[in-house]
Trainee: 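My questions will all concern the structure given below.
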2 protein chains.
Amino acid sequence: MVEKDFSEQEHQDALNHLKESIPANEELESMVNIFKAFGDMTRVKIILALSKTPLSVGEIADTLDMSQSSISHQLSLLRQLNLVTSVRHGRNIHYRLSDQHIITIFGQTKDHIIEDEND
Amino acid sequence: MVEKDFSEQEHQDALNHLKESIPANEELESMVNIFKAFGDMTRVKIILALSKTPLSVGEIADTLDMSQSSISHQLSLLRQLNLVTSVRHGRNIHYRLSDQHIITIFGQTKDHIIEDEND
DNA sequence: TGAATATATGAGCATTCATTCATATTTCAT
DNA sequence: ATGAAATATGAATGAATGCTCATATATTCA
């Protein structure tokens, strides 16, 4: 790589400090894990459903036409990431979004896509 | 599932319209694909690097201590999702973030994590 | 034109991941 | 206490995914 092509001092400066400016894995991991959680259709739908109202596991399974087990596994993952919280009510367990922030992030991402389409 | 536990009219209403309120797969797919892209350490680092300055493939590979091939594959994916754009300059190809929006989304997600830690 | 450099690409491989199936656990009702 | 209902969990499996290796393509330079 020869790479003297930008030929601007500005770019050289940026390059010099670039490596140090990238956070270490440990620092990025929690963010990456949250995006990983958002990168699955089932989990996105669970989150969208919970954004309307708190729901029991069975209600989510019904709504999404998926097995109880599958939903439960996914909720367990979302719970580990603190994206949802759960409270037992008798035989049911009510899940809710831990933070409306999440929906904002979905919105921002939708916006990015919209921008794309106007090309 | 008996589920008369919430016992609020409000929740019943929400439940009734819930299924229709969840967008279909086709509508969610592009968002899910973008999150999938963000759900990988290498791609996140590429994006963070590009947020500082446009870079050639080789410069990215150097910065992240990864193979040219691996970076090229990932850039190809990011390009398909319109997350980055590329322009050839002689032998090099300069990649840049297609939209600063992306960094805003990263920031929002970081914020979500910060909130978590204050529990 | 031919060698060198930068990037892209396809196949192969190992790992990760989402779902299913079977079963365990918890709680309620009788 | 016992059976039924709601949820959780572990193992197994097939699909998706990220990296590597080898090689193809494009561009510059001598």
Side-chain angles (χ1 to χ4, degrees), chain A residues 1-7 15 25 28-29 32-47 50 54-81 83-96, chain B residues 1-7 15 25 28-29 32-47 49-50 54-81 84-96:
Chain A
M1 205 179 24
V2 176
E3 198 61 61
K4 263 294 177 190
D5 192 78
F6 288 94
S7 71
L15 249 188
N25 285 6
L28 292 176
E29 228 142 48
V32 168
N33 284 335
I34 287 182
F35 283 135
K36 228 174 255 179
F38 293 168
D40 175 82
M41 186 67 73
T42 300
R43 289 189 293 261
V44 164
K45 285 183 176 176
I46 291 175
I47 290 169
L50 290 178
L55 292 165
S56 72
V57 179
E59 287 173 329
I60 299 174
D62 278 4
T63 303
L64 305 189
D65 278 310
M66 295 192 59
S67 77
Q68 176 272 322
S69 178
S70 177
I71 298 298
S72 185
H73 276 297
Q74 298 296 7
L75 284 170
S76 150
L77 192 153
L78 295 175
R79 207 173 348 122
Q80 280 175 40
L81 294 171
L83 293 171
V84 303
T85 62
S86 64
V87 174
R88 180 180 279 278
H89 281 246
R91 278 184 279 211
N92 303 311
I93 298 184
H94 292 182
Y95 280 83
R96 63 168 62 247
Chain B
M1 208 180 18
V2 176
E3 198 59 63
K4 264 294 177 191
D5 192 79
F6 287 95
S7 72
L15 249 189
N25 285 5
L28 292 175
E29 228 143 48
V32 168
N33 283 336
I34 287 181
F35 284 135
K36 229 174 252 179
F38 293 169
D40 175 81
M41 186 66 74
T42 301
R43 289 189 293 261
V44 163
K45 285 183 176 175
I46 291 176
I47 290 169
L50 290 178
L55 292 165
S56 72
V57 179
E59 287 173 330
I60 299 174
D62 278 4
T63 303
L64 305 189
D65 278 310
M66 296 191 59
S67 77
Q68 176 271 323
S69 178
S70 176
I71 299 298
S72 183
H73 277 296
Q74 298 296 7
L75 284 171
S76 150
L77 193 152
L78 294 175
R79 206 171 352 116
Q80 282 175 40
L81 294 172
V84 303
T85 62
S86 64
V87 173
R88 181 179 278 277
H89 281 244
R91 279 185 279 214
N92 303 312
I93 298 185
H94 291 182
Y95 280 84
R96 64 168 62 246

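Letters go in sequence order (proteins before strands), and every chain restarts at 1. Only heavy atoms go into these numbers, but all of them, side chains included; no hydrogens, no water, no symmetry mates.
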Trainee: Between C:dC17 atom P and A:F35 atom CZ, what is the distance in whole Å?
Mentor: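 So the two atoms are 17 Å apart, to the nearest Å.
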
Trainee: Please report, rounded to the nearest Å, how far the P atom of C:dT20 is from the CG atom of A:D65.
Mentor: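 Between P of C:dT20 and CG of A:D65: 12 Å.
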
Trainee: According to side chain to side chain donor-acceptor pair (under 3.5 Å), who are the partners of A:R96, at least two apart in sequence or on a separate chain?
Mentor: none

Trainee: List every contact pair, protein side and nucleotides 17-20 of chain D side both N or O, where the distance is under 3.5 Å.
Mentor:
unit_1: D:dG18; atom_1: OP1; unit_2: B:R43; atom_2: NH1; d: 3.2
unit_1: D:dG18; atom_1: OP1; unit_2: B:R43; atom_2: NH2; d: 2.6
unit_1: D:dG18; atom_1: OP2; unit_2: B:R43; atom_2: NH1; d: 3.2
unit_1: D:dC19; atom_1: OP1; unit_2: B:T42; atom_2: OG1; d: 2.8
unit_1: D:dC19; atom_1: OP2; unit_2: B:S70; atom_2: OG; d: 3.3
unit_1: D:dC19; atom_1: OP2; unit_2: B:Q74; atom_2: NE2; d: 2.7
unit_1: D:dT20; atom_1: OP2; unit_2: B:S67; atom_2: OG; d: 3.1
unit_1: D:dT20; atom_1: O4; unit_2: B:H73; atom_2: NE2; d: 3.3

Trainee: Can you tell me which residue pairs pass the side chain to side chain donor-acceptor pair (under 3.5 Å) test with a partner in residues 35-44 of chain A, sequence neighbours excluded?
Mentor: A:R43-A:Q74

Trainee: Can you sort out the partners of A:I47 under side chain to side chain contact (heavy atoms under 4.5 Å, CB included), two or more places apart, ordered by chain and number?
Mentor: A:F38, A:L78, A:L97, A:I102, A:I103, A:F106

Trainee: From CD of A:Q68 over to C1' of C:dT23, roughly how many Å is that when rounded to an integer?
Mentor: 12 Å

Trainee: If we ignore hydrogens and angles and just use 3.5 Å, is the side chain of B:S76 paired with the main-chain N or O of B:S72 as donor and acceptor?
Mentor: no

Trainee: Using a cut-off of 4.0 Å between protein heavy atoms and nucleotide atoms, how would you tag nucleotides 24-30 of chain D 5' to 3' with B, S and -?
Mentor: --SBBS-

Trainee: Output every pair passing salt bridge (Lys or Arg N to Asp or Glu O under 4.0 Å) with a member in residues 64-73 of chain A, not counting sequence neighbours, ordered by first then second residue.
Mentor: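 As it turns out, the salt bridge (Lys or Arg N to Asp or Glu O under 4.0 Å) pairs with a partner in residues 64-73 of chain A, which skip direct neighbours, are A:D65-B:K19.
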
Trainee: I need the CD1-P distance between A:I71 and C:dC21, as an integer number of Å.
Mentor: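 Checked: the CD1 to P distance equals 15 Å.
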
Trainee: Looking at C:dT5, I'd like to know if its phosphate oxygens (OP1 or OP2) sit under 4.0 Å from a side-chain N or O belonging to B:N92.
Mentor: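 So the side chain of B:N92 is outside the cut-off, no N or O lying under 4.0 Å from OP1 or OP2 of C:dT5.
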
Trainee: Less than 4.5 Å apart, side chain to side chain, heavy atoms only: is that true for A:L55 and A:I46?
Mentor: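 With C-beta onward as the side chain, the pair stays apart.
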
Trainee: What residues form a side chain to side chain donor-acceptor pair (under 3.5 Å) with A:R88, not counting sequence neighbours?
Mentor: none

Trainee: Please give, in whole Å, the distance from C:dC28 C1' to A:I93 CD1?
Mentor: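 Roughly 14 Å, once rounded to whole Å.
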
Trainee: List for me each residue that meets side chain to side chain contact (heavy atoms under 4.5 Å, CB included) alongside B:E29, sequence neighbours excluded, and say none if there are none.
Mentor: A:M41, B:N25, B:N33

Trainee: Just the rounded figure in Å: distance from C1' of D:dA5 to CG of A:D62.
Mentor: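 From A:D62 CG to D:dA5 C1': 13 Å.
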
